[in-house]
Amino acid sequence: MRNLNYGLAIPAVVMVIALLFVSSLFPAQSQAMAGGAMTFVTNWFGWLVQIASLALVAFLFWLAFSKYGDIKLGEEDPEYSNFTYGGMIFTAGVGASLIYWGIGEPMYYLQSPPLFAEANSFSAAAWAVTYSIFHWGITGWAIYCFPAIPFAYAFYVKKQRTLKLSTLCESVVGTNPIVAKTIDLLAIFGTLAAFASSLSLTVSLLSTGASELFGIENGLLLQGGIILLFVAVLMCVMLVGFNRGISKVSDYTVLMAIGFALFVLFSSNTQFVLNNFTDSIGVMLDNFFRMSLWTDPVQQSGFPQSWTQYYWFWYYAYLIMMGLFITRISRGRTIRQVILCTISMGTLGCAFFISIFGGYAVWAQMLGGYPVQQWMSDGGLTYAVVSLIETLPAHSFVLGIFLVIQFFLMLTTMSSASVATAMLTTNRLELNGDPDNKVKLLWAGAIAVISFSVFLAGGGINTIKSLCVVAGLPMMFIYAILVKHLLHELGVIKSKKWKSSDVTLVEAVTN
């Protein structure tokens, strides 16, 4: 694989596995150090990530509705329909975690509510689904979306054939090889660590559900078998090709997930779910800026640090994977279309699923007589999710369908992560942006190995999750570099490195 950049690929994989190995040997010390680092980051820089993230939302909407929003990323027509395009972005960004946390987050918020509400009170219930939609809403999708703009502009307009993050940062930070390698390794580490922990969470959910459904032992053998199944199906999808593989799997998965969500809606207390959704949207619209900037400096409950800031830093750690994947599927679209489609499809999709599954969980706990919080206490959140699904009609059949949907939701995210890391570590990409199949399969295998290592390492997942947040801090500053780089490229601010041909190109497109 001569087109693979081994200098980036091997150190990144070794770094993640080494961290998992060390955390398995010294679990308490590793978690304490990683947790301490995460606490330091949120306590000292949490306010900054909240301000920066809100500013990024404003910047993207300005960019979308300015004259620069008309710039077309490539000369061809869009490669995918709006449904397929939005579906691939949605499934890549949320995976199987959405339904899991769509049920789990409201339960945590009921027990430890934000903004001074009492635990398990009516006020806490009003915030439960509201904060879940907020955390999976506009701000998170703006963080995901932004890097796609400078990447896609460089690839489709400027015709650059390599998409290393350091290449985009050169106009601001220079060409120091140590700085460049650090930036690229940080981007790959964030992607690998964040995705591996997401995959591990999904495997835990699938193994818990399969154990419940088939009466088999929930252990390493079952979890390893599920990971191997992921790799086997992913290889088939990759070999079929991007257009006939990932895009088709995404389409069918989205349709299955929507159908399942509608089944849950009409099989549960439909009236409560719809009313609760309407109320949650109203509460969020009324408090969006309050929630975006709430740091709780006096009561110091820790809620903004443990949830809002954690999510924002996590998104920053994950950003390059999403940015590159959106770049791959955005050829022929304008900057405005990329921004508005990503933010709207992602936000509305998450609101749809969270309102149904989260609303049902709130009803089940508060009014339905189901001890969801007790299930969480007894067997963890994965057990609680499976138990809640089993309260639906034809529970065994429904649980089986649920597990299949979760599998394919995660498969689309795994496909996206493999494509993105392959793009980042490919020396020279073709015009369609699709890396070599061997490189994609290599990364799929690497992600699987890292994910299985999480289970072997025991508590290593908590260490990796904490380090993802720590990795998100420098990536936030890299965002600022990318903003400046993009403004230079678009001609919004002057740059001495500009060529007259570049100015002519932008003026021709935007005027």
Side-chain angles (χ1 to χ4, degrees), residues 94-140 201 205 257 260-261 264-265 267-288 290-291 294 296 301-311 314 347-392 402 406:
V94 302
S97 301
L98 177 62
I99 297 176
Y100 177 89
W101 286 114
I103 293 172
E105 274 189 57
M107 293 299 98
Y108 284 119
Y109 300 159
L110 279 175
Q111 296 177 82
S112 302
L115 291 164
F116 322 115
E118 294 293 329
N120 291 309
S121 64
F122 295 135
S123 179
W127 288 112
V129 172
T130 299
Y131 248 99
S132 299
I133 294 175
F134 170 71
H135 285 149
W136 293 77
I138 292 173
T139 306
L201 180 151
L205 178 61
F260 185 77
V264 173
L265 173 63
S267 298
S268 60
N269 193 309
T270 310
Q271 184 182 51
F272 176 88
V273 172
L274 293 177
N275 281 312
N276 188 66
F277 167 69
T278 304
D279 184 68
S280 297
I281 293 298
V283 173
M284 188 182 70
L285 291 176
D286 195 37
N287 294 275
F288 178 78
R290 178 81 169 102
M291 296 160 73
W294 182 52
D296 196 14
S301 65
F303 185 95
Q305 292 75 25
S306 299
W307 290 103
T308 304
Q309 294 172 15
Y310 180 89
Y311 264 115
W314 179 279
T347 300
L348 292 174
C350 288
F352 172 76
F353 286 99
I354 290 172
S355 65
I356 293 174
F357 289 95
Y360 179 51
V362 171
W363 174 84
Q365 174 64 37
M366 300 289 288
L367 302 172
Y370 294 108
V372 183
Q373 292 178 353
Q374 187 60 47
W375 292 336
M376 290 171 59
S377 177
D378 292 342
L381 183 52
T382 53
Y383 174 73
V385 170
V386 170
S387 298
L388 185 65
I389 296 298
E390 288 190 307
T391 63
L392 296 166
F402 171 73
Q406 292 295 94

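Residue numbers start at 1 and run along the sequence shown. No experiment lies behind these values; they were computed from the predicted model shown.
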Inset, instruction - Look only at the side chain of T278 and the backbone of L274, and say whether a donor-acceptor pair between them is shorter than 3.5 Å. - result: yes

Inset, instruction - Measure the shortest side-chain to side-chain distance between W127 and N287 over non-hydrogen atoms and say whether it is less than 4.5 angstrom. - result: yes

Legend entry - Reported CE-to-CZ distance for the pair M291 and F134, which is rounded to 0.5 angstrom: 5.0 Å

Inset, instruction - Kindly say whether L388 contributes a backbone atom to a donor-acceptor pair with the side chain of T391 at under 3.5 angstrom? - result: yes

Inset, instruction - Could you check if a side-chain atom of I99 sits within less than 4.5 angstrom of a side-chain atom of Q406, using non-hydrogen atoms only? - result: yes

Legend entry - Side-chain touch V94/C350, heavy atoms, less than 4.5 angstrom: yes

Inset, instruction - Mind checking the OG-CD spacing from S377 to Q111? Nearest 0.5 Å is all I need. - result: 8.0 Å

Inset, instruction - Check the pair Q271, N275 against side-chain hydrogen bond (donor to acceptor under 3.5 Å, both in side chains), reporting the backbone distance first and the verdict last. - result: CA-CA 6 Å; Q271 184 182 51; N275 281 312; 5.1 Å; no

Legend entry - Verdict with supporting geometry, Y311 and E105, side-chain hydrogen bond (donor to acceptor under 3.5 Å, both in side chains): CA-CA 12 Å; Y311 264 115; E105 274 189 57; 2.3 Å; yes

Legend entry - Contact check, side chains of L392 and F402, non-hydrogen atoms, under 4.5 Å: no

Legend entry - Full working for side-chain hydrogen bond (donor to acceptor under 3.5 Å, both in side chains) between H135 and Y109: CA-CA 12 Å; H135 285 149; Y109 300 159; 2.9 Å; yes

Inset, instruction - Decide yes or no for W101 and I354: does some side-chain heavy atom of the first lie under 4.5 Å from some side-chain heavy atom of the second? - result: no

Inset, instruction - Locate the shortest heavy-atom distance separating S355 from V273; write the atom from each residue and the value. - result: O-CG1, 3.4 Å

Legend entry - Side chain proximity check, T139 to F288, heavy atoms < 4.5 angstrom: yes

Legend entry - From CD1 (I281) to OG1 (T130), nearest 0.5 Å: 7.5 Å

Inset, instruction - Taking all non-hydrogen atoms of both residues into account, name the closest pair between A261 and F357 and its distance. - result: CB-CE1, 4.0 Å

Inset, instruction - Look up atom OG in S112 and atom CZ in F303, then write down how far apart they are to the nearest 0.5 Å. - result: 8.5 Å

Inset, instruction - Please report the closest heavy-atom contact between D296 and G302, naming both atoms and the distance. - result: OD2-N, 4.1 Å

Inset, instruction - Starting at CG of N120, measure out to CG of L110 and round the result to the nearest 0.5 Å. - result: 5.5 Å

Legend entry - Close side-chain approach of V264 to F260, heavy-atom, < 4.5 Å: yes

Legend entry - Minimal non-hydrogen separation, F272 against G359, with atom names: CE2-O, 3.3 Å

Inset, instruction - Answer yes or no: is there a side-chain heavy-atom contact under 4.5 Å between I103 and Y360? - result: no

Legend entry - Closest non-hydrogen atom pair, Q373 against M107: NE2-O, 3.8 Å

Legend entry - From CA spacing to verdict: ring-ring contact (aromatic ring centres under 6.0 Å, His included), F353, W136: CA-CA 11 Å; F353 286 99; W136 293 77; over 10 Å; no

Inset, instruction - Run through I356, N276, D279 and flag the one making a side chain to side chain contact (heavy atoms under 4.5 Å, CB included) with V129. - result: N276

Inset, instruction - Any chance you could lay out the side chain to side chain contact (heavy atoms under 4.5 Å, CB included) test for W375 and V385, step after step, and finish with the verdict? - result: CA-CA 9 Å; W375 292 336; V385 170; over 6 Å; no

Legend entry - Atom pair CG/CD1 of L348 and I138 - distance to nearest 0.5 Å: 8.5 Å

Inset, instruction - Can you label the angle between the W294 ring and the F116 ring as parallel, tilted or perpendicular, going by 30° and 60°? - result: perpendicular

Inset, instruction - Could you pull out the closest heavy-atom pair between M366 and S121, with the gap in Å? - result: CE-O, 4.0 Å

Legend entry - Ring centroid separation F277 to F352 under 6.0 Å: no

